[in-house]
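Order of the sequence lines sets the chain letters (A, B, ...), proteins ahead of strands, with each chain counted from 1.
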Protein chains: 2
Amino acid sequence: MDAHATRARATLAAVAERAGVSRSTASLAFSGAGPVAPETRDRVLEAARTLGYGGPDPVARSLRRGRTGIVGVVIEDRLREAFRDPMNIPMLDGLADELGTAGLSILLLTDPTTAGSDPGVPAVIETAPMDAVVLVGCSTRLDASVALLRRRRIPIAAIEAEPMEGVLDIALDNRRASALGAARMHELGHRDIAVVTLPLGPEHSAGALAEDWEARATSFPAAERLRGVLDVYDTLRGWMAPASSIASGYTAGLSILADPQHRPTAVIAQSDLLALGVIRAADELGLMVPADLSVLGFDGIRTEGYGGVELTTLVQPAIEKGRAAGRGVLRLLAGEPAPPVLLRCTLRPGQTVGPPAA
Amino acid sequence: MDAHATRARATLAAVAERAGVSRSTASLAFSGAGPVAPETRDRVLEAARTLGYGGPDPVARSLRRGRTGIVGVVIEDRLREAFRDPMNIPMLDGLADELGTAGLSILLLTDPTTAGSDPGVPAVIETAPMDAVVLVGCSTRLDASVALLRRRRIPIAAIEAEPMEGVLDIALDNRRASALGAARMHELGHRDIAVVTLPLGPEHSAGALAEDWEARATSFPAAERLRGVLDVYDTLRGWMAPASSIASGYTAGLSILADPQHRPTAVIAQSDLLALGVIRAADELGLMVPADLSVLGFDGIRTEGYGGVELTTLVQPAIEKGRAAGRGVLRLLAGEPAPPVLLRCTLRPGQTVGPPAA
DNA sequence: TTGCAGGGTCGAATCGATTCGATCGAATCG
DNA sequence: CGATTCGATCGAATCGATTCGACCCTGCAA
């Protein structure tokens with residue numbers, strides 16, 4: 001039924017000629033913008049069918065209109081890593097939801113500075129056709145790309161990134177929330193705590209936190225969360241996990257809790273997955289949570305799938321992060337001013353935090 | 001430092017004029033395709049900097065070159081649903097990996113037929129600029145869009161879809177694998193089994209499998225897996241889950257195992273998440289797995305994060321699905337023939353399947 | 001009968017690059 | 001020294017649409 005498959009792809013001009021109308025009229029027949037006699041429209045559509053014409057070429061249309069209908073989403077690291085973080089999914093979903101209603105789709109881009117990239121070859125983030133860009137969990141390494149995007153007049157929104165000139169900031173109160181959680185711990189009487197952090201730098205290695213962590217940190221949320229705890233506790237033991245996962249938390253937990261003589265009474269983890277890992281380690285070492293050890297998480301994932309522990313944790317509005325970014329981008333595209341957004345986390349009491357053993 | 005931010009966005013023509021060279025030379029200076037005197041190049045680059053030119057416009061370049069560097073990935077349902085399925089992540093990762101090395105990025109598209117879409121307004125899948133398309137877990141509802149893409153001469157690959165003319169098929173041996181698993185159950189002596197299926201149709205409702213399921217099924221993998229079991233067991237109890245999740249499996253498990261007088265000795269689940277849910281239900285009803293009930297999964301997820309049960313399951317090569325699709329698309333784009341791919345699942349013995357109680 | 005509104009159509013300019021073929025001077029070769 | 005090649009540059013065509021302003025006709029009001 002696929003009609004005469006001609007050699008070359010048909011163009012609107014060919015369709016117009018075949019229908020005996022001008023290109024402009026043929027265009028109007030397809031786009032519906034402007035008056036066209038029903039009979040003429042039918043003739044054009046008929047010609048299109050005969051020629052196997054698949055509708056106006058999206059690229060040509062984009063060039064003329066100045067809009068591609070594409071919003072780039074730049075995600076740090078590899079896709080696999082990114083999707084392992086349970087917070088990214090609802091965020092993306094909120095974003096897609098908000099953009100989708102405006103007819104925009106999402107182009108997945110990975111941070112070019114992570115891959116082994118030629119400095120000579122321009123990164124895809126700099127050459128992809130996009131109307132706007134959303135940076136998520138991106139570090140300052142992207143500065144060069146951001147500058148380029150700005151020169152190309154492409155609106156940029158950044159989720160949980162260090163505020164940048166000319167970039168719409170969708171922030172989370174990571175520091176305040178962490179301080180809140182830490183204060184709660186302190187209030188309960190904990191004096192010796194440990195923090196398990198997300199990867200702070202680009203190297204993603206595991207180990208005790210170095211003295212100069214702040215100077216080398218590139219992950220803004222991780223640094224902010226750590227600062228929040230330090231706002232309450234001057235001294236603490238820090239352990240950096242190589243990723244946000246149960247396995248990494250487990251390893252971290254084993255290290256931190258190994259020495260019975262020198263055990264913290266509480267662990268503040270920078271993600272729920274890490275917290276679950278720490279709990280598993282505690283479990284294995286025969287420690288009861290929260291009687292022997294309190295564990296505080298961060299994120300507010302639904303833990304039902306993970307063994308059913310009810311984590312005490314700082315819940316972040318993940319979907320709303322995406323939604324806010326989507327709405328912001330839409331406003332910027334419409335030429336309207338878009339105010340920065342600050343989202344707040346809340347402490348959700350669970351069954352993993354209590355007073356320290358006497 | 002951003003130089004004279006001129007009113008209008010600068011074009012290559014403006015840069016060329018400013019540098020005192022022709023547009024063609026300016027173009028060569030940027031693309032590097034062709035000989036340009038170093039001094040000339042510098043002059044062009046300098047002019048670009050002065051004018052705040054951000055490099056060649058991707059859309060214009062795409063129009064001329066006939067390539068966008070974008071591959072659309074059509075995912076059924078909403079993103080949230082899609083990413084909940086643990087098999088989609090590694091698949092996407094494999095795909096991104098393979099496409100990334102060729103400089104292509106992924107445009108996320110959702111099945112337009114699911115959303116409440118105007119039939120008048122063309123779906124984004126039909127108007128997005130793309131070089132190729134990968135359909136994943138898509139049903140025959142997409143037929144119209146597929147026809148359009150074909151008319152636009154856009155190569156299409158489909159993962160686990162019903163084979164279609166002109167669409168590169170990346171298949172999984174769902175039926176054979178399921179039959180294999182079922183045969184193993186039969187071999188062990190199970191005579192009364194139940195199957196928990198993935199959503200078979202678009203409605204995503206839960207409940208006992210209807211007689212006419214085959215006629216109404218739109219999900220090809222789910223149907224194939226069910227057929228595989230039916231190749232071994234003529235009669236069985238079927239229960240359709242509304243989604244691939246632990247919660248759905250749990251609900252299904254409770255329904256299937258509720259009546260002690262009429263309990264199957266084994267449950268074949270169409271995904272590991274469903275299997276884990278069934279196991280949880282069995283647990284709650286005081287049934288030992290595999291002593292009182294055998295449970296077979298499908299997918300081969302790493303279950304460590306989910307409570308540590310070692311599932312007996314049919315392992316599918318998820319990353320390879322994505323890779324194969326990626327490679328296939330690349331070949332099609334290069335104009336080479338791309339052979340269809342058939343990937344095989346393997347039965348991985350765990351601790352959830354055994355002989356029925358005597 | 002004239003004037004005017006407006007539906008329908010068309011021609012031409014435009015979006016912003018890439019690329020083919022031609023040109024021209026300088027260097028190389030026999 | 002003439003022929004050839006090669007490097008550097010340019011002009012013009014091209015990619016495939018959208019859209020603005022102009023034009024023509026018809027119908028209706030004054």
Spell out protein contact along nucleotides 19-25 of chain C as letters: B when the base is contacted, S when just the sugar-phosphate is, - when no protein heavy atom is under 4.0 Å; keep the 5' to 3' order. B------
Would Asn88(A) and Met91(A) count as a side-chain contact (heavy atoms from CB on, under 4.5 Å) if you check the C-alpha gap in whole Å, the side-chain angles of each, and the deciding distance to 0.1 Å? CA-CA 5 Å; Asn88(A) 276 337; Met91(A) 185 279 293; 3.9 Å; yes
Whole angstroms only, please: what is the CZ-P distance between Arg152(A) and dA17(C)? 10 Å
Give one of base, sugar-phosphate or nothing for Pro56(B), where a contact means two heavy atoms less than 4.0 Å apart. sugar-phosphate
Counting any heavy atom closer than 4.0 Å, what does Val59(B) reach on the DNA or RNA strands: base, sugar-phosphate only, or nothing? nothing
Residues that Glu81(B) engages under salt bridge (Lys or Arg N to Asp or Glu O under 4.0 Å), provided they are two or more places apart: none
Looking at every strand, decide which applies to Phe30(A) at a 4.0 Å heavy-atom threshold: base, sugar-phosphate, or nothing. nothing
Convert the base pairs of DNA chain C into dot-bracket notation, remembering that pairs crossing earlier ones are written with [ ] and that bases paired across to another strand are shown as |; include only Watson-Crick or G-U pairs under 3.5 Å. ||||||||||||||||||||||||||||||
Provide, to the nearest angstrom, the distance between the CZ atom belonging to Arg67(B) and the P atom belonging to dT14(D). 22 Å
Could you walk me through whether Glu320(B) and Val341(B) pass the side-chain contact (heavy atoms from CB on, under 4.5 Å) test, one step at a time? CA-CA 10 Å; Glu320(B) 190 52 30; Val341(B) 175; over 6 Å; no
Separation of Leu12(A) atom CG from dC10(C) atom C1', in whole Å? 14 Å
Rounded to whole Å, the CZ-P distance (Arg41(A) to dG7(C)) equals 14 Å
Output every pair passing side-chain hydrogen bond (donor to acceptor under 3.5 Å, both in side chains) with a member in residues 51-60 of chain A, not counting sequence neighbours, ordered by first then second residue. Arg9(A)-Asp57(A)
Asp57(B) CG to dT18(C) P, in whole Å, measures 9 Å
Of the candidates dA17(C), dG8(C), dA17(D), the side chain of Thr11(A) sits closest to dA17(D)
Interatomic distance, Leu63(A) CG vs dT18(D) P [rounded to whole Å]: 11 Å
Heavy-atom distance under 4.5 Å between the side chains of Val136(A) and Leu95(A), does that happen here? no
Review item, side-chain donor-acceptor pairs of residues 36-44 of chain B, under 3.5 Å, at least two apart:
from	atom 1	to	atom 2	distance (Å)
Arg41(B)	NH1	Ala29(B)	O	3.4
Arg43(B)	NH1	Ala19(B)	O	2.6

Atom CD of Glu39(A) and atom P of dG7(C): how far apart are they, to the nearest Å? 18 Å
Please determine whether side-chain contact (heavy atoms from CB on, under 4.5 Å) holds for the pair Val133(B) and Leu109(B), giving the CA-CA distance in whole Å, both sets of side-chain angles, and the decisive distance to 0.1 Å. CA-CA 10 Å; Val133(B) 169; Leu109(B) 301 172; 5.7 Å; no
Test applied, side chain to side chain contact (heavy atoms under 4.5 Å, CB included); reference residue, Val134(B); option that passes from Ile75(B), Ile159(B), Ile156(B), Ile106(B): Ile159(B)
Residues in salt bridge (Lys or Arg N to Asp or Glu O under 4.0 Å) contact with Arg61(B), at least two apart in sequence or another chain: none
Integer-rounded Å distance: dA17(D) C1' and Arg61(B) CZ: 20 Å
